[in-house]
Amino acid sequence: MRDTLIIGARIIDPASGHDAVGDCLLRGGTIADFGAGLGRPEGAAIVEGADCVLCPGLVDVRASLGEPGFEYRETIGSAALAASAGGITTIAVLPDNAPPTDDPALVRALAGAGEATGRITIAPYGAATRGCRGESIAEYGLLRAAGAIAFSDGARAIGSAGLMRRALSYARGFGAMIVQHPEEPSLAAGGAATSGARATLMGLPGIPVCAEAMMVARDIMLVELTGGAVHFAHVSTGAALALIRAAKSRGLAVSCDTAPPYFDLNETAIGDFRSYAKLSPPLRTEDDRLAVVAALADGTIDAVASDHQPRDADDKRLPFAEAAPGGAGLATLLAITLAQVQSGALGLNTALSLLTDRPARRFGLGAGRIAKGRPADLCLFAPDRSWRIEAGRLPGKAQNTPFDGRAVEGVVVGTWKAGVRVFG
Amino acid sequence: MRLPMRHLLGIETLHPRDISALLDLAESYALLNRSGKTRRDVLRGRTLINLFFEDSTRTRTSFELAGKRLGADVINMSVSTSSVSKGETLLDTAATLNAMNCDLLVVRHKASGAPALLAQKVDAAVINAGDGMHEHPTQALLDALTIRRHKGTLEGLTIAICGDIAHSRVARSNILLLTAMGSRVRVVGPPTLIPSGIEQFGVSVFHDMREGLRDADIVMALRLQTERMSGGMIPSAREFFSFYGLDAAKLAFAKPDALVMHPGPMNRGVEIDSQVADDVTRSVIREQVEMGVAVRMAVLDVLARTALRNA
């Protein structure tokens, strides 16, 4: 493999705090060296990095890729293209496929499928319960040994407190955490929007905001009871974040992530029944959006995930209440997160940390760092270059973006996976 | 008159002056209907399709009659759930309708926003004849016309809307229309049937019928929509009737000349007592039905003119 030298980029490694203009040498799939004044190895491919930021390849801790079972929405191959275009090199893939990832062979198959694309590492979740049916816990030991990074039922909450107690307790024996979709199911049943004046005006069945906080409160108590570890997915409300903040301050093994719609959009984005903005959890009020932004800045939130949920036109071009929830997120993850940097709400290092080393550490992934000898998974982006997000022009199959029409700044110009340039 | 929009999807998009103008035109059609004359030139050569995904004899017939009295070719399409389960989507239906070159499309659907979705895809002017829990604009207009005929105005009246507010598209459209026209609107019902954030529409909320009806000019009872309720929002029909059913004792708290209204069909002995419903000195329920035809004639007329202007 030919060496690659990226020159003159602002190299940011949030894990070490390195932030300086310099060069980065990629050799044999790893980072051979980086910093100022590197020589020009003979025969190396030179990549101009002026006015760009070079950061670790993004680590996305939650996405559905559609495969197996829903290939008409997205395949691992098409998702890998979208991820590369978005600067993502590692994706944690949810288990609620068809079949669900509740068998060690499926875990190995998913991980292998990522490798086969040559573009991404797939870090598979194992199912928290057999078949993601919420009835009995899955084989955490065998699944973990096969490579499952954590256990979750994906878009389904683990509704039974007794089952969650057993899940947390049993997973602890294998050093694994349970990733919860925090939504009290009986309060959320049939809901299409956040309860309140907007849902009422539009005649949409509402989900009360407390459905999220209630599940978070319950699971924090169960963490205290069991000594287990929980990670809350796509947290979207101030009430839930306050509970998580307090639990962390007590030293409990509690963490969380959010996704770009919850800090960039509020419930008004559903407009006149705009089904691309129908998400799970639903978009919240402006107060909740601001609470999410504050929690990104103060460290309560550990990661920003794409929450990629590919849907095809048949799933979305339905009356709002009947449309499937979910938004495409791989290609827009970086740009929407950078909007918080441009608004001054987040520092660039903090924002990149939420997309790289913090999620990698929390999920025990060997990714998300720029360091000598590490795999050369890298993202080079032009932070000041603008573009417009358009459904219909996103890379990959999924076009169901809630950000359709949104002007953003921050263009990925190059993505490297194990030293190979896979985008740009 | 002309409307600024091509479709009538809800009251929310109407300006008070549009509402007044529609009511004035409807009033003239009400008089014409009573005189036994017709205006078949208004929609001559135009095709009106009644596309009903939910059963509704009353509203469908009212639109059918309105269309025919104005000279339109009226076609009724009842789309049964079976054709939907066979895989036909709403947008497939839209494509079919476009191929039929219809001018006016009246849509009823169980899902909020379905007419809005169709309006994006069909060439015809779309009239929302009730979508889920969202809106039922022609019902609100006919209610307003009925009230105005008796009270002379909508402004300053106290109007109590009672019962199942949460699941009622009629309540939403009426709240939007009546508050826009200067009425004081109250909603009265058990907390489980009052939707979240309703106060933000400028209404007062009551959970006690006596308080809610006190000195009201208009008392509007709504149908208890048990088919839309999951998990029992009230313990029983008899308990509901005891506390929220409109009977003579509760009505006595309203003004002596208060009108009784109901969008129909009525569950007698559940949300309204027969004695009240059939009291010709108070109840204007039949007149609501009559005004329904006049209002729908006005709406069809105006939307056809709007379409002509845009053509």
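Just so we're on the same page: letters track the sequence lines, and every chain starts at 1.
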| Student check: side-chain heavy atoms of Lys110(B) and Glu322(A) closer than 4.5 Å | yes
| said: Please find the pair of heavy atoms, one from Leu204(A) and one from Ser112(B), that lie closest to each other, and give the distance. | reply: CD2-CB, 4.0 Å
| query | Side chain, backbone, both or neither: which part of Ala116(B) has a heavy atom under 4.5 Å from chain A? | reply | side chain
| task | Please say whether more than 12 non-hydrogen atoms of neighbouring residues, nucleotides or ligands are located less than 6.0 Å from CG in Asp55(B). | result | no
| Proximity breakdown for Leu176(B) and chain A, heavy-atom pairs closer than 4.5 Å | side chain
| Interatomic distance, Leu9(B) atom CG to Phe273(A) atom CZ [nearest 0.5 angstrom] | 9.0 Å
| task | Answer yes or no: does atom CG of Asp312(A) have more than 12 heavy-atom neighbours from other residues, nucleotides or ligands under 6.0 Å? | result | yes
| task | Tell me, for Glu199(B) versus chain A, whether the close heavy atoms (under 4.5 Å) come from the side chain, the backbone, both or neither. | result | neither
| Is it the case that more than 12 heavy atoms not belonging to Arg58(B) sit under 6.0 Å from its CZ atom? | yes
| N/O donor-acceptor pair under 3.5 Å between Thr200(A) side chain and Gly197(B) backbone | no
| query | What is the distance from atom CE of Met202(A) to atom CZ of Arg172(B), rounded to the nearest 0.5 Å? | reply | 11.5 Å
| Given a strict heavy-atom distance threshold of 4.5 Å, which part of Pro205(A) is in contact with chain B: side chain, backbone, both, or neither? | both
| Is there a donor-acceptor pair closer than 3.5 Å between any side-chain N or O of Arg317(A) and the backbone N or O of Leu91(B)? | no
| task | Take atom CZ of Arg165(A) as the centre, draw a 6.0 Å sphere, and report whether it contains more than 12 heavy atoms from other residues, nucleotides or ligands. | result | no
| Nearest 0.5 Å, what's the CG-NE2 distance between Leu201(A) and His134(B)? | 6.0 Å
